[in-house]
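Since the structure comes first, as structure tokens, the remarks are kept for the end.
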Amino acid sequence: MAIITLANGLKTLFCVLGCVMTATLTYTISIDGLPFRKELLTPWMAATLVDFFINVVPLATWVTYKESNWIGAMLWVILLVCFGSITTCAYIFVQLLKLSSQESLQDPIYHALLRHSSRDSLEHEGKSSSVVIARIVFSVLGFLMLGTLIYTLLTDGSPFRKELLTPWMIATLIDFYINVAALSVWVAYKESSWVGAFFWIILFICLGSITTCAYIVLQLFCLSSQDPIYLVLFNSGNRAENGYEKAYG
């Protein structure tokens, strides 16, 4: 019963967060116009956008893995880029709705993460592992954001200034942290203890996509270079229960 409540709780959470971001976007456009204006692109807004889109990368990667065809995947990725966390919440909500009552009862997060064809294609996907490439990509993205953060601090000072909180900066931050909420649910699922999960979530909130990239790289180093990359999505318990560790260990 607790896990069924978790599934319903997650549906409610992402439905509410999606509505919050939709309302925020509508309100900001109504009071401050469209965001496509040069004067809005301050150094800290540019840094926030870099941070935001680096966090979109792992979400887009998961969507690409989940979708059964490239057209569907590309459509969702374009929506992620254009509408940010509204799309994130909508996509997760749809994936949760697709779960059967048995899947919701067993483990809703695992089944929402999983592409249903994965069990049937374990052997084929294992031969074309991209674990090493993913380690490099997310390391580069993490250092890119770290460099962006240091450069912006040196050239524009602290971000904790009232004049930086324009309507569109506030909307962007809300958008950013809703995506952080989605990633935090994944981290809470992945971590074996609440202390570890809490520690990582605090770092997500404070350091954004630097933490996202660091966490993903660490998880990728828990896999061998021959493992299929999608195994990084699942916690060790689910990998063991479903025979992934036996097949690739």
Side-chain angles (χ1 to χ4, degrees), residues 10-11 14-15 17-19 21-22 24-26 29 34-36 46 48-99 103 108-122 124-142 144-145 171-172 174-186 189 208-209 212-213 215-217 219-220 223 227-234:
L10 289 172
K11 290 175 192 174
F14 287 106
C15 183
L17 290 177
C19 290
M21 189 58 223
T22 301
T24 300
L25 180 62
T26 304
I29 290 173
L34 293 173
F36 309 111
T48 303
L49 289 172
V50 172
D51 207 8
F52 174 84
F53 284 113
I54 290 176
N55 263 355
V56 167
V57 172
L59 294 168
T61 303
W62 171 58
V63 167
T64 303
Y65 154 75
K66 280 283 289 184
E67 291 301 300
S68 59
N69 64 79
W70 283 102
I71 295 174
M74 286 301 298
L75 176 62
W76 278 108
V77 169
I78 289 168
L79 289 175
L80 272 171
V81 172
C82 295
F83 294 102
S85 63
I86 295 174
T87 305
T88 302
C89 294
Y91 189 80
I92 294 172
F93 184 77
V94 168
Q95 299 311 305
L96 290 167
L97 283 180
K98 289 180 179 179
L99 299 181
E103 289 171 335
I109 298 178
Y110 166 71
H111 288 289
L113 289 169
L114 180 68
R115 186 176 67 190
H116 290 294
S117 61
S118 291
R119 294 191 188 92
D120 300 326
S121 56
L122 274 173
H124 298 291
E125 294 191 41
K127 295 176 182 177
S128 57
S129 173
S130 300
V131 171
V132 174
I133 294 173
R135 290 172 187 166
I136 295 169
V137 168
F138 283 102
S139 296
V140 169
L141 290 174
L144 172 63
M145 187 57 222
T172 303
I174 292 171
D175 205 9
F176 174 83
Y177 281 110
I178 290 175
N179 275 346
V180 166
L183 292 166
S184 296
V185 170
W186 176 60
Y189 156 78
S209 64
T212 303
C213 293
Y215 186 80
I216 291 172
V217 170
Q219 296 305 307
L220 287 167
L223 303 178
D227 286 333
I229 192 170
Y230 69 80
L231 292 187
V232 76
L233 291 169
F234 311 126

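With sequence neighbours excluded, no residue forms a side-chain contact (heavy atoms from CB on, under 4.5 Å) with A90. Taking the side-chain contact (heavy atoms from CB on, under 4.5 Å) definition, one finds that K11 meets it with N8, F93, L96, L97, sequence neighbours left out. Annotation: side-chain contact (heavy atoms from CB on, under 4.5 Å) contacts of T48 (sequence neighbours excluded): M169, T172, L173.
Rounding to the nearest 0.5 Å gives a distance of 10.5 Å between CG of L233 and CD of Q219. Atom CG in L49 sits 11.0 Å away from atom CZ in F176 (nearest 0.5 Å). For the atom pair CG of L144 and CD1 of I54, the computed distance is 4.5 Å after rounding to the nearest 0.5 Å. A distance of 4.0 Å separates CG of L25 from CD1 of I29, quoted to the nearest 0.5 Å. Here the CG-CD1 distance, from L10 to I92, works out to 8.5 Å after rounding to the nearest 0.5 Å. Interatomic distance, L17 CG to D175 CG, rounded to the nearest 0.5 Å: 11.0 Å.
For the pair T88/I178, no side-chain contact is recorded, criterion being any heavy-atom separation below 4.5 Å from C-beta on. Between V180 and Y177 there is a side-chain heavy-atom pair separated by less than 4.5 Å. Taking the side chain as every heavy atom from C-beta outward, L183 and Y215 never approach each other to under 4.5 Å. When side chains are defined from C-beta on, Y230 does not count as touching T61, because their heavy atoms never get closer than 4.5 Å. Using a 4.5 Å cut-off on side-chain heavy atoms (C-beta onward), V77 and V56 make no contact. Considering only heavy atoms from C-beta on, W76 comes within 4.5 Å of E67 through its side chain.
Shown here for R135 and L220, the closest heavy-atom pair between the two residues is NH2-O, 3.2 Å. Looking at every heavy atom in both residues, M21 comes nearest to I86 through CG-CG1, 3.6 Å. The heavy-atom pair separating C213 from F138 by the smallest distance is CB-O, 3.2 Å. Nearest heavy-atom pair, L99 versus A112, reported as atom, atom and distance to 0.1 Å: CD2-N, 3.9 Å. Minimum interatomic distance between M145 and V50 (heavy atoms only, all atoms of both residues): SD-CG1, 3.8 Å. Across all their heavy atoms, F53 and V81 have their closest contact at CE2-O, 3.6 Å.
Exactly one residue among V57, I136, N55 makes a side-chain contact (heavy atoms from CB on, under 4.5 Å) with L141. That residue is V57.
Counting only N and O atoms by type, the side chains of S209 and D51 include a donor and acceptor under 3.5 Å apart. In summary, the side chains of S85 and N179 do not present any donor paired with an acceptor at a separation below 3.5 Å, with no hydrogens or angles considered.
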Q: Might you work through the side chain to side chain contact (heavy atoms under 4.5 Å, CB included) test for I229 and Y65, ending with a clear yes or no?
A: CA-CA 10 Å; I229 192 170; Y65 154 75; over 6 Å; no

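Between the side chain of T87 and the backbone N or O of L79 there is at least one donor-acceptor pair closer than 3.5 Å.
Relative orientation of the Y91 and W62 rings is perpendicular, given thresholds of 30° and 60° on the angle between their planes.
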